[in-house]
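Below is one structure, written out as structure tokens, with a few remarks after it.
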Amino acid sequence: MKKIVAMAVSLFIMAFATVCFAETYEMVYEAPNFTEGLKNDQALSETFTTPHGILKIQARKLLQAKSENQLHFIVWLDDKRIDDAHYPKVDYGYTFRVFKNTSNSELFYSIESIDRACLFGYSPVNKKLEVYIDSQNYAHDSGTTPCIVALKNGDLVLAFEKANKSKRYRFTWDAKKNWFGYSDLGKDWPSILKEKQ
């Protein structure tokens with residue numbers, strides 16, 4: 001009898017720990033299509049407190065640049081430049097979001113357009129900004145729009161949207177690999193907009 005009670009208590013503790021310490025994501029910032037309103041040589045800057053220091057992200061629309069290099073992103077961590085990239089001009093502009101992993105307070109940053117969505121995060125191991133998710137690396141139908149969001153249930157999802165239907169991938173952090181693992185959730189989901197935070 002004691003063995004059965006001990007086993008039941010162990011199972012309850014494991015289930016409780018799984019529920020209480022489950023990895024969830026929270027969207028903490030969103031700037032939809034923010035580049036559409038930027039004037040030439042105007043910049044948008046945002047600062048975020050991370051477990052690794054103060055991270056500042058700046059996006060500037062360049063006046064003299066060719067269309068493939070029109071948007072300039074610079075990222076600093078505690079005043080040290082850790083990333084510098086150019087992005088092309090796109091229809092409808094770029095959307096920028098910030099997500100927090102509630103289990104460890106790590107922040108991740110998405111930049112997306114109608115053609116491509118990427119999720120970035122600071123790697124303390126490599127001491128640089130990593131591209132953890134790039135929509136171009138995941139199977140999807142042509143003509144779909146990629147979107148990286150946190151759902152109301154806390155899942156971090158990459159969806160490919162078209163005609164109010166989506167194909168979805170769910171991402172979870174693998175602490176041993178210091179990278180995201182993913183699950184292919186399949187097609188024919190309703191639009192992600194109904195479930196996003």
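For the single chain, residues carry numbers from 1 onward in sequence order. These numbers were taken from a predicted model, which means no experiment stands behind them.
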Pairs involving residues 133-145, ordered by first then second residue, that meet salt bridge (charged side-chain N to carboxylate O under 4.0 Å, His left out) (sequence neighbours left out): Arg116-Asp134, Asp141-Lys187

Within the distance-only criterion (no hydrogens, no angle test), does the side chain of Gln197 pair as donor or acceptor with the backbone N or O of Tyr25 below 3.5 angstrom? yes

Identify whether Ile111 and Val90 are in the same connected component of the hydrophobic contact network (ILVMFWY, side-chain heavy atoms under 4.5 Å). yes

Positive for side chain to side chain contact (heavy atoms under 4.5 Å, CB included) with Ile148, one of Thr95, Leu156, Val157, Ile192: Leu156

Quick check: do Cys147 and Leu158 have side-chain heavy atoms less than 4.5 Å from each other? no

Determine whether Phe73 and Leu107 fall in the same hydrophobic cluster, where Ile, Leu, Val, Met, Phe, Trp and Tyr are linked whenever their side-chain heavy atoms lie under 4.5 Å apart. yes

Kindly work out whether a path of hydrophobic side-chain contacts (I/L/V/M/F/W/Y, heavy atoms less than 4.5 Å apart) joins Phe34 to Val98. yes

Decide side-chain contact (heavy atoms from CB on, under 4.5 Å) for Ile133 and Tyr169; before the verdict, give the C-alpha distance in whole Å, the side-chain angles of both, and the deciding distance to 0.1 Å. CA-CA 11 Å; Ile133 300 169; Tyr169 295 91; over 6 Å; no

If you round to the nearest 0.5 Å, how far is CZ of Arg81 from NZ of Lys56? 10.5 Å

Stepwise, does the ring pair (Phe, Tyr, Trp, His ring centres under 6.0 Å) test hold for Tyr29 with Phe48? CA-CA 10 Å; Tyr29 180 85; Phe48 303 95; 5.6 Å; yes

Ring pair (Phe, Tyr, Trp, His ring centres under 6.0 Å) partners of residues 140-167, not counting sequence neighbours, each pair once: His140-Phe160

On a heavy-atom basis, which atom in Asp78 and which in His52 lie closest, and how many Å separate them? OD2-O, 3.7 Å

Please state whether the rings of Tyr138 and Tyr182 are parallel, tilted or perpendicular, taking 30° and 60° as the class boundaries. perpendicular

Which heavy atom in Glu23 sits nearest to a heavy atom in Phe171, and how many Å separate them? OE2-O, 4.0 Å

Would Trp173 and Phe108 count as a close aromatic pair, with their ring centres under 6.0 Å? yes

Is Arg168 salt-bridged to Glu195, cutoff N-O under 4.0 Å? yes

Could you give all pairs that pass the salt bridge (charged side-chain N to carboxylate O under 4.0 Å, His left out) test and reach residues 87-109, with sequence neighbours left out? Glu30-Arg97, Arg97-Glu112

Rounded distance (nearest 0.5 Å) linking atom CD of Glu130 with atom CG of Asp83: 10.0 Å

Looking only at side-chain N and O atoms, does Asp115 offer a donor or acceptor that is under 3.5 Å from a partner on Ser113? no

Minimum-distance pair of heavy atoms, taken over all atoms of Thr35 and Lys61: O-NZ, 4.3 Å

In one Ile/Leu/Val/Met/Phe/Trp/Tyr side-chain cluster, 4.5 Å: Tyr122, Phe96: yes

Less than 6.0 Å separating the ring centroids of Phe120 and Tyr132? no

State, yes or no, whether a side-chain contact exists between Asp174 and Trp179 at a heavy-atom distance under 4.5 Å. no

Between CG on residue Leu62 and CG on residue Leu38, distance to nearest 0.5 Å: 10.5 Å

Minimum heavy-atom separation for Pro190 and Ser166, please, with both atom names. O-OG, 3.3 Å

Output the distance between atom CD (Glu26) and atom OG (Ser105), rounded to the nearest 0.5 Å. 9.5 Å

Apply side-chain contact (heavy atoms from CB on, under 4.5 Å) to Lys165 and Ser191, showing your working. CA-CA 5 Å; Lys165 292 285 185 184; Ser191 174; over 6 Å; no

Does the pair Lys167/Asp188 count as a salt bridge with the N-to-O cut at 4.0 Å? no

Mind listing the closest non-hydrogen atom pair of His72 and Asp84 along with its distance? NE2-OD1, 2.5 Å

Do Thr24 and Asn153 have side chains that get closer than 4.5 Å, going by heavy atoms? no

Is Tyr87 linked to Val75 within one hydrophobic cluster, defined over Ile, Leu, Val, Met, Phe, Trp and Tyr using a side-chain heavy-atom separation of less than 4.5 Å? yes

Taking every heavy atom of Asn33 against every heavy atom of Gly93, the minimum-distance pair comes out as ND2-O, 4.1 Å

Kindly indicate whether the side chain of Leu77, heavy atoms from C-beta on, has any atom under 4.5 Å from the side chain of Ile54. no

Any side-chain heavy-atom pair from Leu71 and Tyr94 closer than 4.5 angstrom? yes

